[in-house]
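These values consider heavy atoms only, across backbone and side chains, with no hydrogens, waters or symmetry-generated copies. Reminder, nothing fancy here: chain letters follow the sequence lines and each chain counts from 1.
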Number of protein chains: 2
Amino acid sequence: MVDLPQLPEDPSKLAREPLREQIRQVLVEGLLSGRWKPGERIVERRVATELKVSQAPVREALRELETLRLIETVPNKGARVRAFGVQDMAEIYPVRAGLELVAAQLAADTLAGDPTPLEREVEALQAATARGDVAEQIRHSVEFHREVVRAADNSVLMHTWESLGVEVWTALSVRWLDMELHAKAVDHAQIAEAFRNRDPEVGQMLSDHVLNYVEAAMRSTEKTP
Amino acid sequence: MVDLPQLPEDPSKLAREPLREQIRQVLVEGLLSGRWKPGERIVERRVATELKVSQAPVREALRELETLRLIETVPNKGARVRAFGVQDMAEIYPVRAGLELVAAQLAADTLAGDPTPLEREVEALQAATARGDVAEQIRHSVEFHREVVRAADNSVLMHTWESLGVEVWTALSVRWLDMELHAKAVDHAQIAEAFRNRDPEVGQMLSDHVLNYVEAAMRSTEKTP
DNA sequence: GTAGTCTCGACTGTCGGCAATATCCACACA
DNA sequence: TGTGTGGATATTGCCGACAGTCGAGACTAC
């Protein structure tokens, strides 16, 4: 789910990208911006008319959101925005940690040979943290992890990791849970360093680091179930 | 009103399942049975007429097959059956191993308390092996692993694991790679035993066991790329 | 003979409409 | 008051049709 370079297209006929992709983008943004709230229904035809399209591409877009577990659909009943809580974080992050543990092992050699992608993200993350730019912090933090997974050079692993919808869920957790983004930059720098030094513990470090997000979420909401 | 306890399926008119599900089933079976071969195109309309349905549900079914990586689609070009080789196994199984490692840790307590689901599958697997019933061997072998994941009680983990399409790919590897199903029953029995005894090594055992499948595939095809 | 262009057929992506299904509410009945 | 029944309404699931796109092959120019 890399952000497209968003080419400055003619607003009238910008249909160069499959319609369903655009719709998916709109829906995701709607969810992130709070346009739709948790538990709320998403009516296919309503969205369709709103976007001046037909029902079909909207359906397909919704199916994709379903695989990201952003919405839930029941046959003949339709789709609704998933209620979201710490519980979800607690389920997602162990899986992420497991995947990234594998990734770290597979990517160890590659990243020891050329750790520049990681270092680039660490720098950008530090800069964003200094500026207090939350959106950029999320972006580069996620991108750091994506680089590790990418370096593992395993398309199934990449695909599976992406299917967790990391940036969307991170953004949501910040929005709905007010999750604190504490000094993650430090963690990341240490991990990059460990990769460079072929530290055999790097996998565990990365895994633990991911699991820390859950604690952050837990801590920031001692009440939300 | 509470959710009804899943009334026992009317055998006569079970056409109550969404059409797209039935179509997906037909397509998967078609792939497993060799009705479509690797690299071959799958034309939406052709399938639709063949099954006496419209194009729409076929499209939706194809999308699901795409998330299982059974087919590949290119915009405006359509879907084709993925070419399949040892390479795919080599990519899938490390991911599976990582997920099941997590699962084993999360499920350890539950399964130590009640290992009967595992033991049931081990027995069934042994029986099937004795009979030489390959289909049943696959079924119970997969079901064993699914029980572990299920016991972890983490819906994201379950969902992610399922998205690997374990039984389909296992069946395919047997069909296309003539993968040998050697005495897996023994492994499974040992793992079940380890769970019962709260062996802290059980996660690693399970993970190694999964990775063994790759070696089996490798060994059985020293030629297929 | 080769490179470029045109045309044609096949197929996907999208549309608007219709039937099937779920939900809601008023109303009758015990 | 609580419970069942019938119909009205909102929405999904599916259909048949059409426009846009892609690729193969014929045709032309050199």
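Atom CZ in R20(A) sits roughly 14 Å away from atom C1' in dG20(D) (whole-Å rounding). Rounded to whole Å, atom P of dA10(D) lies 18 Å from atom CG of N76(A). Distance CD1 (I71(B)) to C1' (dT12(C)): 13 Å, rounded to an integer number of Å. Separating the CZ atom of R80(A) from the P atom of dA22(C) is a distance of 15 Å, rounded to the nearest angstrom. Atom CG in L62(A) sits roughly 10 Å away from atom P in dG13(D) (whole-Å rounding). Between the CG atom of L19(A) and the P atom of dG13(C) there is a distance of 11 Å, rounded to whole Å.
In terms of polar N and O atoms assigned as donor or acceptor, the side chain of Q55(A) comes within less than 3.5 Å of the base of dC14(D) in a complementary pairing.
In this view, E50(B) and R35(B) satisfy the salt bridge (Lys or Arg N to Asp or Glu O under 4.0 Å) rule, not counting sequence neighbours.
Inter-residue side-chain proximity for E72(A) and E66(A) is flagged as unmet; no heavy-atom pair is nearer than 4.5 Å. A 4.5 Å side-chain heavy-atom check between V102(A) and V95(B) finds every atom pair outside the cut-off.
The side chain of K77(B) lies closest to dC22(D) when the candidates are dC22(D), dG13(D), dG13(C).
Residues R82(B) and D88(B) are paired through a salt bridge, judged by an N-O separation under 4.0 Å between the basic side chain and the carboxylate.
In this structure, R59(B) does not reach the dT12(C) phosphate: none of its side-chain N or O atoms is under 4.0 Å from OP1 or OP2.
Judged by closest nucleotide on DNA chain C, A79(B) is the one of A79(B) and P75(A) placed further toward the 5' end.
Judged purely by distance below 3.5 Å, without hydrogens or angles, the side chains of H188(B) and H209(B) pair a donor atom with an acceptor atom.
Annotation: cation-pi pair R120(B)/F144(B) absent, no NZ/CZ under 6.0 Å from the ring centroid and within 45° of its normal.
A heavy-atom distance below 4.0 Å to DNA chain C is reached by these residues of residues 39-53 of chain B, ordered by number: R41(B), I42(B), V43(B), E44(B), R45(B), R46(B).
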